[in-house]
Undergrad: 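Supplied in structure tokens, the structure appears directly below.
Computed from a predicted model, the values in this text were never measured in an experiment. Chain naming here is simple, since letters A, B, ... match the order of the sequence lines and numbering starts at 1 in each.
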Amino acid sequence: MPELPEVETTRRGIEPHVEKQRVKEIILRRKDLRWPITPDLSKDMPGQTIESVSRRGKYLLLQTKTGTLIIHLGMSGSLRIATQSHIVGKHDHVDIVLDNKKILRFNDPRRFGCMLWQKSNGCLHPLLASLGPEPLSENFNSNYLYKKSRTRNAAIKTFIMDSKIVVGVGNIYANESLFLAGINPKRSAGKISKARFAKLVPCIKQVLQNAIDAGGTTLRDFTDSDGKPGYFAQSLLVYGRKDQPCNVCKTILKEIRQGQRSTVYCPKCQG
DNA sequence: ACTTCGACCTGTTGGC
DNA sequence: TGCCAACAGGTCGAAG
């Protein structure tokens, strides 16, 4: 479900309910997510005040004075603002109960997500330590991408989905960005010209920003923290549109597999 | 240093 | 209608 726009939509949705609130209690219904939920979480976080809700790539960070809760939504995770009257669902694995009576509820059917408590020790968590730049920041520019790509033989699509290169570009938006930039997803990253990267980078930024503005992409089950869907799905130009005509040239869009993920592209526009 | 691939899970979809 | 295989928004870590 969540790529960067969906995570950012979630962040914005929960922030006003959660920021400056004291954690009253943590309810763990299951702790076997991708990794076990940090055992100390329900002991260490209650009593702490959530100072800020930030995002690094697809990780959400709930910062307190004594530690940070690192949350990843994996493939199927979501965070909702609930109250006592909301019925607990099958995959509602964790509740963070706040002093304002609201509950930050973590749901994740596939349990590919994670919830890790890191005590403040001045170190960056290993999961965050080797991440590439934020795609919407100045640090992510065509010079940077060009330099990073020179030694790479991997396909450009795989390359821009590598979180060590740039964070937050998942399968949907990688497909969309390459279409907008007119680049064939199979092209070797190392063989792409500087001029092409100069085109690609703004396309990535634009696709992500537009998706954030639309509240993310809802394919089947993504909702924001109030349960509302995102509206970017209707703007998708290639993702999920195999065998349909290209919006630009009417050529039938083609689907291939790259690194066990589906890639859809226009053989003509991205020739 | 780079690339590929299995693994982690459940739910939904499409073909027979 | 039912069954089963294939696939789904992610990404780590082992192996080549």
Undergrad: Is a side-chain N or O of A:Ser149 found less than 3.5 angstrom from the main chain of A:Arg152, in a donor-acceptor match?
TA: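 Flag not set: sc A:Ser149 to bb A:Arg152 has no pair under 3.5 Å.
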Undergrad: Keeping the roles fixed (side chain from A:Asp224, backbone from A:Gly13), state whether a donor-acceptor pair exists under 3.5 Å.
TA: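 Checking the backbone N and O of A:Gly13 against the side chain of A:Asp224, no donor-acceptor pair under 3.5 Å is found.
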Undergrad: Quick one: do A:Ile160 and A:Tyr144 end up in the same hydrophobic cluster if we chain Ile, Leu, Val, Met, Phe, Trp and Tyr together by side-chain heavy atoms under 4.5 Å apart?
TA: yes
Undergrad: What residue among A:Leu33, A:Asp92, A:Asp95, A:Ile96 forms side chain to side chain contact (heavy atoms under 4.5 Å, CB included) with A:Phe106?
TA: A:Leu33
Undergrad: Between B:dC2 atom P and A:Asn153 atom CG, what is the distance in whole Å?
TA: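 Checked: the CG to P distance equals 11 Å.
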Undergrad: Generate the contact string for nucleotides 11-16 of chain B. Rules: B means base contact, S means sugar-phosphate contact only, - means no protein heavy atom under 4.0 Å.
TA: S-----
Undergrad: Would you please determine if the base of C:dG10 is stacked by A:Phe112, with stacking meaning a centroid separation under 5.5 angstrom and planes under 30 degrees?
TA: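 By the stated criterion, A:Phe112 and C:dG10 stack.
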Undergrad: Under 3.5 Å, side chain of A:Thr218 to main-chain N/O of A:Phe222, donor-acceptor pair present?
TA: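 Between the backbone of A:Phe222 and the side chain of A:Thr218 there is a qualifying donor-acceptor contact (under 3.5 Å).
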Undergrad: Starting at CD of A:Gln258 and ending at P of C:dA8, how long is that distance when rounded to a whole Å?
TA: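 The answer, rounded to whole Å, is 13 Å.
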Undergrad: Does A:Lys268 have more than 12 heavy atoms from other residues, nucleotides or ligands lying within 6.0 Å of its NZ?
TA: no
Undergrad: Let me see the working for A:Glu8 and A:Arg11 under salt bridge (Lys or Arg N to Asp or Glu O under 4.0 Å), right down to the final yes or no.
TA: CA-CA 5 Å; A:Glu8 179 60 21; A:Arg11 191 197 70 73; 3.1 Å; yes
Undergrad: Less than 4.0 angstrom between a side-chain N/O of A:Thr158 and OP1 or OP2 of B:dT3, yes or no?
TA: no
Undergrad: Side-chain N or O of A:Arg111 less than 4.0 angstrom from OP1 or OP2 on B:dC8?
TA: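 No, because none of the side-chain N or O atoms of A:Arg111 sits under 4.0 Å from OP1 or OP2 of B:dC8.
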Undergrad: Whole-Å distance between B:dT3 P and A:Lys157 NZ?
TA: 16 Å
Undergrad: Could you write nucleotides 11-16 of chain C as a row of B, S and -, 5' to 3', where a protein heavy atom under 4.0 Å of any base atom gives B, of only sugar-phosphate atoms gives S, and otherwise -?
TA: BB----
Undergrad: Looking at A:Tyr173, I'd like to know whether one of its side-chain N or O atoms comes within less than 4.0 Å of OP1 or OP2 on C:dG9.
TA: no
Undergrad: If I take atom NZ in residue A:Lys186 and atom C1' in nucleotide B:dT4, what distance separates them, rounded to the nearest angstrom?
TA: 19 Å
Undergrad: Check for a donor-acceptor pair, side chain of A:Arg241 on one end and backbone N or O of A:Asp243 on the other, with a separation under 3.5 Å.
TA: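 No, the answer is negative, given that no donor and acceptor are paired below the 3.5 Å cut-off.
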Undergrad: To the nearest Å, give me how far apart CD (A:Glu255) and P (C:dA8) are.
TA: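 In whole Å, C:dA8 P lies 7 Å from A:Glu255 CD.
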Undergrad: Counting only Watson-Crick pairs (N1-N3 plus N6-O4 or O6-N4) and G-U wobbles (N1-O2, O6-N3), all under 3.5 Å, who is the partner of B:dC9?
TA: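 In the structure as shown, B:dC9 has no Watson-Crick or wobble partner.
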Undergrad: Please state whether the phosphate of B:dC9, meaning OP1 or OP2, lies under 4.0 angstrom from any side-chain nitrogen or oxygen of A:Arg30.
TA: no
Undergrad: Will you find, in the side chains of A:Lys157 and A:Asn171, an N or O donor that is under 3.5 Å from an N or O acceptor?
TA: yes
Undergrad: Is there a Watson-Crick or G-U wobble partner for C:dG9 with both distances under 3.5 Å, and which nucleotide is it?
TA: none
Undergrad: Provide the distance between the two P atoms, one in C:dA6 and one in B:dG6, to the nearest whole Å.
TA: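 The same atom, P, in both gives a distance of 14 Å.
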Undergrad: Measure the distance from CD1 on A:Ile172 to C1' on C:dG9 and round it to the nearest whole Å.
TA: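 Going from A:Ile172 (CD1) to C:dG9 (C1'), I get 5 Å.
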Undergrad: Within less than 4.0 Å of OP1 or OP2 of B:dC2, is there a side-chain N or O belonging to A:Thr151?
TA: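 For B:dC2, OP1/OP2 do have a side-chain N/O of A:Thr151 under 4.0 Å.
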Undergrad: Expressed in angstrom and rounded to an integer, what is the separation of A:Leu79 atom CG from C:dG9 atom C1'?
TA: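 Taking CG of A:Leu79 and C1' of C:dG9, I get 15 Å after rounding.
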Undergrad: Let me know the distance between CZ of A:Phe159 and P of B:dC2, rounded to the nearest Å.
TA: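 About 9 Å, once rounded to whole Å.
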Undergrad: Is it possible for you to say whether A:Phe197 and A:Tyr265 belong to one hydrophobic cluster, with membership spreading through side-chain heavy-atom contacts below 4.5 Å?
TA: no
